[in-house]
Amino acid sequence: MTLLDGLLPDWVRWAESAVPVVSLAPGTPDAFVETIESTLFPEEREHIAQAVAKRRAEFAAVRRCARTALRELGYPPVPILPGEHREPQWPDGVIGSMTHCAGYCAAAVAREGEVPALGIDAEVHAPLPEGVLGLISLESERELIAKLAAKAPGGVHWDRVLFSAKESVYKAWFPLARRWLGFEQADIELRPDGTFGATLLLGADEPGPAGGLPSGFAGRWTVADGLTATVIGEVVR
């Protein structure tokens with residue numbers, strides 16, 4: 001799989017993997033789950049001990065990708081546990097991002113200072129469930145994707161790309177600000193050339209550029225092999 005190929009800056013290291021479909025039935029043995037879980041550290045296995053097989057498989061597979069990417073930066077294998085807000089806790093000196101969806105997972109890492117922010121997201125390339133678009137988008141964004149769909153009908157599910165872009169924005173934002181960012185606080189401009197911009201809509205009482213945080217992000221998107229991927233690797237000051 002090469003879904004992320006060409007999307008991230010050269011100094012970012014990444015790895016991706018297919019994840020077999022795992023049964024959700026409790027107690028169902030699954031050779032893949034047993035094998036992939038063996039790559040986890042004890043504290044990681046403890047964290048997912050009560051999770052269903054699908055969750056354990058995704059948790060383990062994406063961490064195997066993360067350790068592969070970290071190895072390319074020269075870091076030894078280490079546990080990667082979720083933080084208080086479920087964000088991955090990377091080794092000192094590293095920024096990174098993880099994603100997984102049905103059948104796929106990936107992780108990307110870079111040394112702090114080499115890239116200002118990093119966020120990746122992958123989704124199954126299909127229309128959003130009914131009613132979701134109105135919950136996650138601004139009116140201006142809905143108008144934009146309607147125009148994009150009219151210009152290139154049938155090829156891209158722009159609503160799903162939009163959702164993925166917002167997920168990547170949040171993943172890039174949170175390590176910088178350590179605070180929540182709502183869907184309505186990122187105004188996404190998707191472009192047909194595979195790029196997008198994100199303008200942050202922060203309240204007057206929220207830290208922004210004056211506090212050293214970006215005013216937005218620049219990213220890239222792609223659709224391939226039934227998947228949508230978006231990445232953030234640049235900030236806008």
Side-chain angles (χ1 to χ4, degrees), residues 1-10 12 14 16 97-106 108 115-174 176-177 179-204 206 208-209 213-237:
M1 275 193 160
T2 56
L3 185 64
L4 299 183
D5 195 24
L7 295 184
L8 289 159
D10 291 341
V12 175
W14 54 273
E16 57 189 347
S97 184
M98 295 178 178
T99 186
H100 57 75
C101 63
Y104 175 86
C105 68
V115 61
L118 189 56
I120 66 172
D121 184 72
E123 305 282 336
V124 173
H125 187 235
L128 291 175
E130 185 176 355
V132 172
L133 179 61
L135 298 175
I136 63 98
S137 63
L138 303 169
E139 182 178 355
S140 59
E141 294 170 330
R142 293 192 293 273
E143 292 174 352
L144 174 61
I145 64 174
K147 291 177 181 178
L148 290 169
K151 290 181 180 178
V156 175
H157 298 299
W158 293 101
D159 56 345
R160 183 68 69 167
V161 181
L162 176 65
F163 176 83
S164 180
K166 291 195 177 237
E167 290 287 304
S168 284
V169 166
Y170 179 76
K171 292 177 182 180
W173 162 262
F174 187 82
L176 300 176
R179 62 185 296 166
W180 178 255
L181 186 76
F183 285 116
E184 76 285 356
Q185 292 180 290
D187 186 357
I188 306 295
E189 181 189 358
L190 296 174
R191 309 182 188 101
D193 65 355
T195 66
F196 68 91
T199 300
L200 300 181
L201 308 176
L202 303 174
E206 296 179 285
L213 294 173
S215 62
F217 297 97
R220 302 188 65 84
W221 65 269
T222 191
V223 171
D225 300 323
L227 299 171
T228 296
T230 58
V231 309
I232 294 287
E234 300 177 48
V235 302
V236 177
R237 298 293 182 182

For this session: Please list, chain by chain and in numerical order, all residues satisfying side-chain contact (heavy atoms from CB on, under 4.5 Å) with Thr230, sequence neighbours excluded.
Result: Asp121, Val161, Ser164, Ala165, Ser168, Phe196, Trp221
For this session: Would you please test Thr99 and Glu167 for side chain to side chain contact (heavy atoms under 4.5 Å, CB included) and show each step?
Result: CA-CA 10 Å; Thr99 186; Glu167 290 287 304; over 6 Å; no
Residue pair [X] / [Y]: nearest heavy atoms and the distance that separates them:
X      : Y      : value
Arg179 : Trp173 : O-NE1, 3.0 Å
Glu16  : Ala106 : CB-CB, 3.8 Å
Ala122 : Cys101 : O-CB, 3.6 Å
His100 : Cys105 : CB-CB, 3.7 Å
Ala117 : Leu176 : CB-CD1, 4.1 Å

Problem set entry | Residues, nucleotides or ligands: over 12 heavy atoms within 6.0 Å of Asp193 CG |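 Yes, the 6.0 Å shell around CG holds more than 12 heavy atoms from other groups.
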Is the side chain of [X] donor-acceptor paired with the backbone N or O of [Y] at a distance under 3.5 Å, no angle test?
X      : Y      : result
Trp14  : Asp5   : no
Thr222 : Ala229 : no
Asp159 : Leu133 : no

Exercise. So Phe217 and Leu200, side chain to side chain contact (heavy atoms under 4.5 Å, CB included) or not? Walk me through it.
Worked result: CA-CA 8 Å; Phe217 297 97; Leu200 300 181; 4.0 Å; yes
Considering only distance and modelled atom types, tabulate donor-acceptor pairs under 3.5 Å from the side chains of residues 140-150, sequence neighbours left out.
| unit_1 | atom_1 | unit_2 | atom_2 | d |
| --- | --- | --- | --- | --- |
| Glu141 | OE1 | Leu138 | N | 2.7 |
| Glu141 | OE1 | Lys166 | NZ | 3.0 |
| Glu141 | OE2 | Lys166 | NZ | 3.0 |
| Glu141 | OE2 | Ile188 | N | 2.6 |
| Arg142 | NH1 | Ser137 | O | 2.9 |
| Arg142 | NH1 | Ser137 | OG | 3.0 |

Exercise. Roughly how far, to the nearest 0.5 Å, is the NE2 atom of His125 from the CG atom of Leu227?
Worked result: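 Those atoms lie 9.5 Å apart.
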For this session: Nearest 0.5 Å please: distance from the NZ atom of Lys151 over to the CH2 atom of Trp158.
Result: 10.0 Å
For this session: Output every pair passing salt bridge (charged side-chain N to carboxylate O under 4.0 Å, His left out) with a member in residues 122-140, not counting sequence neighbours, ordered by first then second residue.
Result: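 Sorted result for residues 122-140: Glu123-Arg160.
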Exercise. Quick one: are Leu8 and Val115 in side-chain contact, heavy atoms under 4.5 Å?
Worked result: no
Exercise. Going through the distances and angles, do Phe183 and Tyr170 end up as a side chain to side chain contact (heavy atoms under 4.5 Å, CB included)?
Worked result: CA-CA 8 Å; Phe183 285 116; Tyr170 179 76; over 6 Å; no
